[in-house]
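Heads up: the structure comes next, in structure tokens.
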Amino acid sequence: MKCPMAESGETHAGTPSPTCSGRNLVVLSGPSGSGKTTVGSALPGRMDILISTSATTRRPRPGETDGTDYCFLTPEEFKKRAAEGRFVEWAEVFGHSYGTPVEELERAAKQGKRLLLEIDVQGGIQIKKKFPEALAILLLPPDDRSLRQRLSRRGTESPADAERRFAKAREEVRMAREARVYDVEVVNDRLADTIDQLVTLIQTRRKQA
Ligand code: ADP
Ligand code: 5GP
């Protein structure tokens, strides 16, 4: 397994060491296809921020690398790590497990950098419960038509899977709004504007914290 993970016992009960602070955490959630990966990948070029590498039981898409895009785990290995408390949050999304390894938070804390978590709303809610000071951003597509187009043009899922993701979008946004844990909503219309907005939001938050 290429993914760097802490030795068993180095972490406990999903709780990162006290050096981890929610002030350095940025949660980016939004429906599949809203643009989280595209927008998120532009941020390290604009500020001191690391992108968290999640673990997942879904299969790699063509071009995805183990340890960079995700740590691809078997369901058994994921379950074992979850039971050992090695995820700070985890959730079932589209029939697969996804989780944020505790050591991603520790990696950022050691380097004194912010950490971007591109995670679903269930995960965002868990993070905000543990770290109320984290900045949680909900990314939205401009409208249903654009979301459907972006999902199908991305071409990474079968048409049926893309449709399933589209159908889940409204529920995800409703869940996020009901939970009232997202600090701000950003509409991802023109990409360059969205990136600028996120940079400003994150930098402003840092000054306030
Ligand atoms: P997510 O990570 O939220 O599932 P992606 O970042 O993979 O979404 O974006 C879905 C698709 O939409 C990709 O093909 C991406 O290139 C495209 N996309 C993202 N943002 C925009 C934008 N502002 N305008 C047009 N296309 C976009
Ligand atoms: P994808 O399969 O398109 O890469 O991701 C599917 C969904 O899982 C997206 O909404 C994505 O944000 C979410 N996701 C990715 N990593 C994590 C994680 O570590 N935790 C949670 N809760 N969701 C995640």
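We count ligands from 1, going down the list as the structure has it; atoms in each ligand are counted the same way. In what follows, every heavy atom counts, from backbone to side chain, and hydrogens, waters and symmetry copies are set aside.
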* Asked: In ligand 1, which numbered atoms sit nearer than 4.0 Å to a non-hydrogen atom of T37?
  -> 2 (O), 6 (O)
* Asked: Under 4.0 Å from ligand 1, counting heavy atoms only, is it the side chain of D189, its backbone, both or neither?
  -> backbone
* Asked: How about R170: does its CZ atom have over 12 heavy atoms from other parts shown lying under 6.0 Å from it?
  -> no
* Asked: Would Q126 count as a contact of ligand 2 if the rule is a heavy atom under 4.0 Å away?
  -> no
* To do: May I ask you to list the atoms of ligand 1 that are less than 4.0 angstrom from any heavy atom of S34?
  => 3 (O), 8 (O)
* Contacting atoms of ligand 1, where contact means under 4.0 angstrom from a heavy atom of K36 -> 1 (P), 2 (O), 3 (O), 4 (O), 6 (O), 8 (O)
* Does some non-hydrogen atom of R61 fall short of 4.0 Å from ligand 2? -> yes
* Asked: Between E64 and R59, is there a side-chain N and carboxylate O pair less than 4.0 Å apart?
  -> no
* **E76 with K80: basic N within carboxylate O range, under 4.0 Å** => no
* To do: Run down the list Y98, Y70, F94, W90 and name the one with the heavy atom closest to atom 2 (O) of ligand 2.
  => Y98
* To do: Compute the shortest N/O to N/O distance between R190 and ligand 1 and return yes if it is under 3.5 Å, no if not.
  => no
* **Heavy-atom gap Q122 to ligand 2 smaller than 4.0 Å** => no
* **Polar side chain donor-acceptor pair, R154 to T156, under 3.5 angstrom** => yes
* Part of S146 within contact of ligand 1 (heavy atoms, under 4.0 Å) -> neither
* To do: Say whether G35, considering both its backbone and side-chain N or O atoms, lies within less than 3.5 Å of an N or O atom on ligand 1.
  => yes
* Option whose closest heavy atom lies nearest to atom 20 (N) of ligand 2, chosen from K36, R165, R58, E89 -> E89
* Salt bridge present between R107 and E104 (N-O < 4.0 angstrom) -> yes
* Between F78 and Y98, does the ring centroid distance fall short of 6.0 Å? -> no
* **Backbone N/O of S34 and side chain of N188: donor-acceptor pair under 3.5 Å** => yes
* ligand 1 contacted by G155 (non-hydrogen, < 4.0 Å) -> no
* Asked: For E163 and R148, what are the C-alpha separation, side-chain angles and deciding distance, and is it a salt bridge (charged side-chain N to carboxylate O under 4.0 Å, His left out)?
  -> CA-CA 8 Å; E163 195 51 40; R148 192 172 240 137; 2.6 Å; yes
